[in-house]
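Written below as structure tokens is the structure these notes are about.
Below, read A as the first sequence line, B as the second, and so on, with proteins coming before strands; counting in each chain starts at 1.
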Amino acid sequence: NIGSPQQLSRVLFEELKLPKTRRLKTGSYSTDAQSLEELRGAHPVIDLILEYRELTKLKGTYVDALPGLVNPRTGRIHSDFNQTGAATGRISSSNPNLQNIPVRSELGRQIRRAFVARDAGPDPYLLSADYSQIELRILAHYTGDPALVEAFRRDEDIHAVTASQVFGVPMEKVTPEMRRRAKVFNFGVLYGLTPYGLSVRERIPQEEAAEFIRRYFEKYPGVRRYIEETVQRTRELGYAETIFGRRRYLPEINSPNANVRQAAERAAINMPIQGTNADIMKIAMARVQQEMDRRGLRSMMVLQVHDELIFECPANELEEMQGLVLDIMPNAAQLAVPLKVDVKVGKTWGDME
DNA sequence: TACATTTGCCAC
DNA sequence: AAACGTGGCAAATGTA
Ligand SMILES: Nc1nc2c(ncn2[C@H]2C[C@H](O)[C@@H](COP(=O)(O)OP(=O)(O)OP(=O)(O)O)O2)c(=O)[nH]1
Ligand SMILES: [Mn+2]
Ligand SMILES: [Mn+2]
């Protein structure tokens, strides 16, 4: 059974005697996609296993599961949005989780296309409003770092700048996939990614990884100061907090166990920023809905995906809704840098422009 | 049958 | 996973 990591591991490492991957805490060898990537070329079955994994993941979690969750009365999927779902202040979504609908692979995007506008008037559309580089903007506010602050006042795209530098290509040649990986790098380094971690993820030598991270902190020196001050402050107070005062208690930050303590330190670095994002979003949601009610619009707020709101709108309300979210969302908080929101419109969630 | 744990992976 | 953070879900496996 390819779906059993235990059985798969026995075939790969005992019967086929392929090179051993990293060890899990139980002593077995990992068969996750990251590890299997390294075995590509060692045996033709590896590519097939990776393909099997992608297909069974999408089929099992989404394609098979979602149709059964359509409410027969409304013909719609009704997820739970859990107000206290996350320790940072984020909400979570369950039964089903609509905050992790695929988007990355083309096959995944096909699943997203199943979410369509239908019930808002005679000619309904979906409208999405997503904050641009949101946690980097909050970081700029916290740190006051000159390079970060200047970049956002000039409306630059830091994810793209990082991509251009890390992949050694001019800005015009940065692809969406490169920008996505640069995003992982930007947030990863900010929240404690180590040279070891980066070397494993990007399959580069640890020295090279260390050099990328060194350049990141050299470019944005305020970030290191933020990290050190935040960890120290959390040690003293016993909690981390957002700009708006939301707290997360982290007693483990004073643990004698170094692993436990360091994990708490990374959580402490993350919480004020991820949590402020959540606070801003909650403020924006309340104000947007209030304004929609006040104007008596037929548009509906249907989804929240952490820094993104999705509305189902009649065609004749699209322009007004775009104006409304662009008035309210960027002004939900006044930070040291502007907040920016990207609006897209489409018939399905999978193709929005 | 019910529930917990482990492994893996989707999203932000 | 010691080794970015925050979640939820499926399948296999183990226990009661
Ligand atoms: N720690 C961490 N946070 C992430 C990661 N991916 C997304 N986030 C957080 C930080 C982002 O600012 C926030 C919203 O995600 P988005 O995909 O919308 O990215 P972002 O707004 O930064 O860029 P964008 O301009 O919308 O493409 O979620 C990640 O891999 N690690
Ligand atoms: Mn965003
Ligand atoms: Mn987003």
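Side-chain atoms of A:Gln7 come within 3.5 Å of backbone atoms of A:Asn1 as a donor-acceptor pair (strictly under, hydrogens ignored). With A:Thr31 contributing its side chain and A:Pro5 its backbone, the two residues share no donor-acceptor pair below 3.5 Å. In this structure, the side chain of A:Ser93 engages the main chain of A:Leu98 through a donor-acceptor pair within 3.5 Å.
If you measure from atom CG of A:Leu193 to atom P of C:dG5, you get 9 Å, rounded to the nearest angstrom. Regarding A:Ile91, its CD1 atom lies at a distance of 11 Å from the P atom of C:dG8, rounded to whole Å. Between the P atom of C:dT6 and the CD1 atom of A:Ile134 lies a distance of 19 Å, rounded to the nearest Å. Separating the CG atom of A:Leu303 from the C1' atom of B:dA11 is a distance of 13 Å, rounded to the nearest angstrom. Note: CE (A:Met271) to C1' (C:dG7) measures 15 Å, nearest angstrom. Atom CG of A:Leu12 is separated from atom P of B:dG8 by 11 Å (rounded to the nearest Å). Look at CE on A:Met281: it is 20 Å from P on C:dT6, rounded to the nearest Å. Straight-line distance from the NZ atom of A:Lys183 to the P atom of B:dA11: 11 Å, rounded to whole Å.
Contact annotation: A:Arg201 side-chain N/O to C:dA3 OP1/OP2 distance is not under 4.0 Å. Contact between the side-chain N/O atoms of A:Ser93 and the OP1/OP2 oxygens of C:dG8 is not found at any separation under 4.0 Å. Distances shorter than 4.0 Å separate some side-chain N or O of A:Arg266 from OP1 or OP2 on C:dG5. The shortest distance between the side-chain N/O atoms of A:Ser92 and the OP1/OP2 oxygens of C:dG8 is below 4.0 Å.
The side chain of A:Ser94 lies closest to C:dG8 when the candidates are C:dG5, C:dG7, C:dG8. Candidate nucleotides C:dT6, B:dC12, C:dG8 were compared by shortest atom distance to the side chain of A:Asn97, and C:dG8 ranks first. If you check C:dA2, C:dA3, B:dT7 against the side chain of A:Gln262, the one that comes closest is C:dA2. Distances from the side chain of A:Ser4 to the nucleotides C:dG8, C:dT6, C:dA12 place C:dA12 closest. Closest approach to the A:Val103 side chain among C:dA3, C:dT6, B:dC12 is made by B:dC12 (side chain taken as heavy atoms from C-beta onward). Of all nucleotides listed (C:dC4, C:dA12, C:dG7), C:dC4 comes nearest to the side chain of A:Thr194.
Residue order along DNA chain C, read from the 5' end via each residue's closest nucleotide, puts A:Gly188 first among A:Gly188 and A:Gln7. Between A:Tyr62 and A:Lys25, the residue anchored nearer the 5' end of DNA chain C, judged by the nucleotide with its closest heavy atom, is A:Lys25.
Taking atom P in both B:dA4 and C:dA3, one finds a spacing of 25 Å when rounded to whole Å. When the C1' atom is compared between C:dA1 and B:dC9, the two are found 16 Å apart, to the nearest whole Å. B:dG8 and C:dA2 have their P atoms separated by 14 Å, with the value rounded to a whole Å.
Across all strands, A:Arg90 comes closer than 4.0 Å to base atoms (heavy-atom distances). Backbone-only contact: A:Ala87 has heavy atoms under 4.0 Å from sugar-phosphate atoms and none from a base. Contacts of A:Ile101 with the nucleic acid, taken as non-hydrogen atoms under 4.0 Å apart, involve only primed sugar atoms and P, OP1 or OP2. Residue contacts shown for A:Arg112 are limited to sugar-phosphate atoms, with no base heavy atom under 4.0 Å away. Across all strands, A:Gln99 comes closer than 4.0 Å only to sugar-phosphate atoms, never to a base (heavy-atom distances). Residue A:Arg248 is classed as a sugar-phosphate contact, given heavy-atom separations below 4.0 Å to backbone atoms only. Residue contacts shown for A:Asn1 are limited to sugar-phosphate atoms, with no base heavy atom under 4.0 Å away. Residue contacts shown for A:Leu24 are limited to sugar-phosphate atoms, with no base heavy atom under 4.0 Å away.
The bend of the helix from B:dT1-C:dA16 to B:dC12-C:dG5, defined by the angle between the axes of its first five and last five pairs, stands at 0° to the nearest 10°.
Proximity of the aromatic rings of A:Tyr131 and A:His306 is defined here by a centroid distance below 6.0 angstrom, and this criterion is not met.
In this structure, A:Arg287 does not pair ionically with A:Glu291, as no charged nitrogen and carboxylate oxygen lie closer than 4.0 Å.
Residues A:Glu38 and A:Thr21 bring no donor and acceptor atom of their side chains to less than 3.5 Å of each other. Between A:Thr88 and A:Arg246, the side chains place no donor N or O within less than 3.5 Å of an acceptor N or O (distance only, hydrogens not considered). No donor-acceptor contact under 3.5 angstrom links the side chains of A:Asn277 and A:Asp307, judged on distance only.
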- Worked verdict on A:Ser28 versus A:Gln6 for side chain to side chain donor-acceptor pair (under 3.5 Å): CA-CA 8 Å; A:Ser28 56; A:Gln6 202 177 88; over 6 Å; no
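Between A:Tyr142 and A:Tyr226, the ring-plane angle classifies as tilted under the 30° and 60° cut-offs. Using cut-offs of 30° and 60° on the angle between ring planes, the pair A:Tyr216 and A:Tyr220 is perpendicular.
Residues passing the ring-ring contact (aromatic ring centres under 6.0 Å, His included) test with A:Tyr125: none are found, sequence neighbours excluded.
For residues 29-59 of chain A, proximity to DNA chain C is found at A:Lys57, defined as any non-hydrogen atom under 4.0 angstrom from a strand atom.
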